[in-house]
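What follows is a set of notes on a single structure, which appears directly below.
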Amino acid sequence: MAAARPNKRTGVDFKDPGATPPGAAEASSAAPAADDAEADEPAPRAKKPTAKPFVPSADADSAPAMKNPGRNGFLTVRDRNEFVEELPSLKEFPETEVSEAPVVDAEAIPPPAPPPPPPEPQASGLIDRGLPIPDHYGMDRVQALVRDPYWVFVYWELKGGVLERLRFKYSGDVMAQARWVLKVDAPLAQQTQVVDIDLRTPGWYLKVVPGNRYRVELGCFTPDGVYEAICASREVATPSVGISPVVSESWMVHREDLENLLQAGGAVWSQWLGGASERAPGLVRTDFPRAAAFFSGRFGQPPGDENK
Amino acid sequence: MAEPLGYLMMMFHAHLPFVRHPEHEEFLEEDWLYEAITETYLPLLNMLEGFERDRVNACFTMSLTPPLCEMLADKLLQDRYLARLGRLQELMEKEIKRTEGGPFNAAAHQYRNHFKLCRELFEQKWGKNIVQGFRHYQEKGFVEVITCCATHGFLPLMVTESGVRAQIQIACANYRKHFGRNPRGIWLAECAYAPGVDRFLREAGIEFFFMDTHGVAFGSPRPRYGNFRPIFTPSGVAAFARDAESSKQVWSSEEGYPGDIDYREFYRDLGYDGEYSYIKPYLHRDGVRRNIGVKYHRITGKVPLSDKQAYTPEWATRKADTHAANFLFNRQHQMRWLKNVIGAEPVIVSPYDAELFGHWWSEGPQFLNFMMRKTAFDQEEVQLSTPPRFLEKHRRHQVVEPCGSSWGDKGYYEVWLNGSNDWIYRHLHASELRMHELAHRFPYPNPLQERALKQAARELLLAQSSDWAFIMTTGTMVAYAEKRTRDHLHRFNGLYLQLLENRVEEPWVGELEWKDNIFEEVDYRVYG
């Protein structure tokens, strides 16, 4: 039976003396366990050529003379191949060393799978959430922010000394039992709502109504029912959510257009128009009903403050 | 030319947060800028070049936000962009060979040609600074470039007048630096308005701004023309409101044009499809697969990503042409109907994120080019216009107090104020107050103090960017948004304490100036 010739079967260039011939290893593993008297011993392996490091040997007699040593005395890859070609033991290797190997059907053994590629890198799991920022700013404050027509967000900070003053005034025990509230004033609706809060939370979302104005005051009730106002927010306005019921119109027209129109009517009205609007140079604002009457000649008085 | 039935105002909001990171050799978030340059800004400049060459009577409005202008004019980022573009060009040369004879070859050719065009425009035509390109076309009358809040700060959620004023005044100063004149208009960050903001706009010489539909429609007194004519706020600034119908045609992921099956699929990218060792040199140094901006598949339909079919550029171009015609057809009908209803020429305002065109919707620039050319040459009912052109011609406007609003989800401020991001405001507001205090305490600073004061203003402005709160809400890249917020607040508070304690550390100030070099011209006194 033909001896396995791992170098031909696998197509692997077996010149590299540092490589293990794959076929040899497979032949070894495929050997029947009780084939002969050596069953208890490891199956005979194709003799692995000595893996010699290709470094200049100190013993000049034991190492073949190196040709073309590379930089620093190391051989280049090309040099290595040339070197191997000169090794008689390697040239004779298939016939002399593998002849005792177990019989294996060369076609039945698949070529070795290529080594798996190294895993692709994944995004780092390290998360940098930034540099430290202050926990507080040494203030007593409450702030209201409109989120939408129906909700206002309120946050607060009591680090400006007010808590200490209250503790001094009432004692720490009293303040520990105080009931903290947000007083929500809606001046347009003439309503005030009191909302209990937990001071330890970072903020509070208040349910409100569209098209209104709100001012939020942070305060507390002592166990005796005394109310202490701490601080108040600025006034905020929630947006409207529908078509405005207000239909009286005012219009912005170019000053020169209006002057031309007035002068075409024979009147010298420009003396009442004064300078251009401070807010919008070149533009003059007119309240529509008055302006309409004014243009139609039924309004005998100068436009008054309509330049604003 | 006959009087049109009405006016169509296309408005493109171009914005990216300030994502310049000189402390790293490469940085993931800087890719946002490079992708936007390649996919959106340069294609728009190319379209404008065509308008000039072919004498197309087309115009549109575009906001270039101050952080974007600063990044586009930054040498470090310009050089990094060119290096990245060079790598993509190298990849496409390989791709042309690799895909030869296959279904992806036409798309590969398209990418190669596009990257070549990008290099020509970016490097040769505009000397790496494409802001100058937009300035050129503004001076030629094809585009009205407007500004935005200095760092895209969300004005309704600021609590001090000085904070609001600074966002607007610093934006105007930056616009003057890049465009040589004062901006005539502004895109309020996130289209967010609250009563009173108009006063600061007027103070800065701003003539007009944009709002979402309900901001004007729910204004008081009732607007006679709804949202189809501009109104003037009590301070005398014109407000143009968004038209919901035309927006939906483009924006909607279900009904909008960008979802057509022939258009390019965004989520199938060579960065994931390519063999790893082949694509690795074009990824970031960490070797993690990410989008690289080369995509060979079309949307195909509602199928898994693995079943997407090859992209055919000719089909997509034909579809963009069809959609452009359809968009114009719909505007004509809309204007006929509106003119009958309101008795005046309607103004249809169609604002979009500029990056929609090209970045998300690859064929978007082609769509715009076709649509504007058809509008200019093929009909007379719809006329393209810009707010300054309209206001010069139409001089009588109703005065209305607009309603608080934004163009975010649900129309108000919830995207930027909710449980995921409400923690930032206590810090931002305290910093606003502290900056106001600094401006008062240091009217005559020494040179080092002045540097620290200017840097403190930069850090506060950068922390105020609405992008961070937005990202926290959307849930992607949250760590980066939190880090940016905290880092800028940390730096601001450090500078504040050093100034107050009269121990400003010059090396640290210098390091911050190097890292956060936005607004070299910033005047901290606007906070006074």
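Just so we're on the same page: letters track the sequence lines, and every chain starts at 1. In what follows, every heavy atom counts, from backbone to side chain, and hydrogens, waters and symmetry copies are set aside.
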Legend entry - Residue pair A/Gly130 / B/Asp487: nearest heavy atoms and the distance that separates them: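 The pair with the smallest heavy-atom distance is CA-OD1, 3.2 Å.
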Legend entry - For the student: nearest non-hydrogen atoms of B/Gly419 and A/Tyr205, plus distance: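 Closest heavy-atom pair between B/Gly419 and A/Tyr205: N-OH, 3.7 Å.
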So with a 6.0 Å cut-off around [atom1] of [X], is the heavy-atom count from everything else above 12?
X: A/Asp196; atom1: CG; answer: yes
X: B/Phe470; atom1: CZ; answer: no
X: A/Gln190; atom1: CD; answer: no
X: B/Lys483; atom1: NZ; answer: yes
X: B/Lys515; atom1: NZ; answer: yes

Inset, instruction - Before accepting this row, confirm whether a basic side-chain N of the pair A/Glu157/B/Arg426 lies closer than 4.0 Å to the acidic partner's carboxylate O. - result: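 No, this pair does not count.
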Legend entry - With B/Phe492 via ring pair (Phe, Tyr, Trp, His ring centres under 6.0 Å) - residues at least two apart: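 Scan of B/Phe492 (ring pair (Phe, Tyr, Trp, His ring centres under 6.0 Å), adjacent residues dropped) gives none.
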Legend entry - Contacts of B/Tyr496 that satisfy ring pair (Phe, Tyr, Trp, His ring centres under 6.0 Å) - sequence neighbours left out: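 Expected list: none.
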Rounded to the nearest 0.5 Å, what separates atom [atom1] in [X] from atom [atom2] in [Y]?
X: B/Leu283; Y: A/Glu120; atom1: CG; atom2: CD; result: 8.5 Å
X: B/Asp422; Y: A/Trp204; atom1: CG; atom2: CH2; result: 13.0 Å
X: A/Ser250; Y: B/Glu401; atom1: OG; atom2: CD; result: 11.0 Å
X: B/His429; Y: A/Tyr155; atom1: NE2; atom2: OH; result: 4.5 Å

Is a donor on one side and an acceptor on the other found under 3.5 Å between the side chain of [X] and the backbone of [Y]?
X: B/Arg396; Y: A/Trp251; value: no
X: B/His490; Y: A/Ile133; value: no
X: B/Arg222; Y: A/Ser244; value: yes

Legend entry - B/Arg484 versus chain A, the contacting section by heavy-atom distance below 4.5 Å: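 For B/Arg484, neither part sits under 4.5 Å from chain A.
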Inset, instruction - Sort B/His427 into side chain, backbone, both or neither according to what part of it lies under 4.5 angstrom from a heavy atom of chain A. - result: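 Both parts, backbone and side chain.
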Let me have the donor-acceptor pairs involving side chains of residues 403-411 of chain B, under 3.5 Å, with sequence neighbours excluded, atom names and distances please.
unit_1	atom_1	unit_2	atom_2	d
B/Ser405	OG	B/Cys403	O	3.3
B/Ser406	OG	B/Gly408	N	3.0
B/Ser406	OG	B/Tyr412	O	2.3
B/Lys410	NZ	B/Glu414	OE1	3.4

Inset, instruction - Count the heavy-atom pairs under 4.5 Å between each of A/Gly203, A/Pro202, A/Pro132, A/Ala237 and chain B, then report the option with the highest count. - result: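 Going by pairs under 4.5 Å, I would pick A/Pro132.
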Legend entry - Greatest number of heavy atom pairs closer than 4.5 Å to chain B - which of A/Thr238, A/Ile243, A/Val247, A/Val236: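 Among A/Thr238, A/Ile243, A/Val247, A/Val236, the one with the most close pairs to chain B is A/Ile243.
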Would you mind telling me which of [options] has the largest number of heavy-atom pairs within less than 4.5 Å of chain A?
options: B/Tyr413, B/Trp423, B/Tyr480; answer: B/Tyr413
options: B/Glu203, B/Gln398, B/Glu482; answer: B/Gln398
options: B/Ile231, B/Val159, B/Val415; answer: B/Val159
options: B/Gly287, B/Gly215, B/Gly205; answer: B/Gly287

Legend entry - chain B neighbours within residues 138-152 of chain A, where any heavy atom lies under 4.5 Å away: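 Contacts with chain B: A/Met139, A/Arg141, A/Gln143, A/Leu145, A/Val146, A/Arg147, A/Asp148, A/Pro149.
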Legend entry - Segment of A/Arg129 engaging chain B (4.5 angstrom heavy-atom cut-off):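 For A/Arg129, backbone and side chain are both near chain B.
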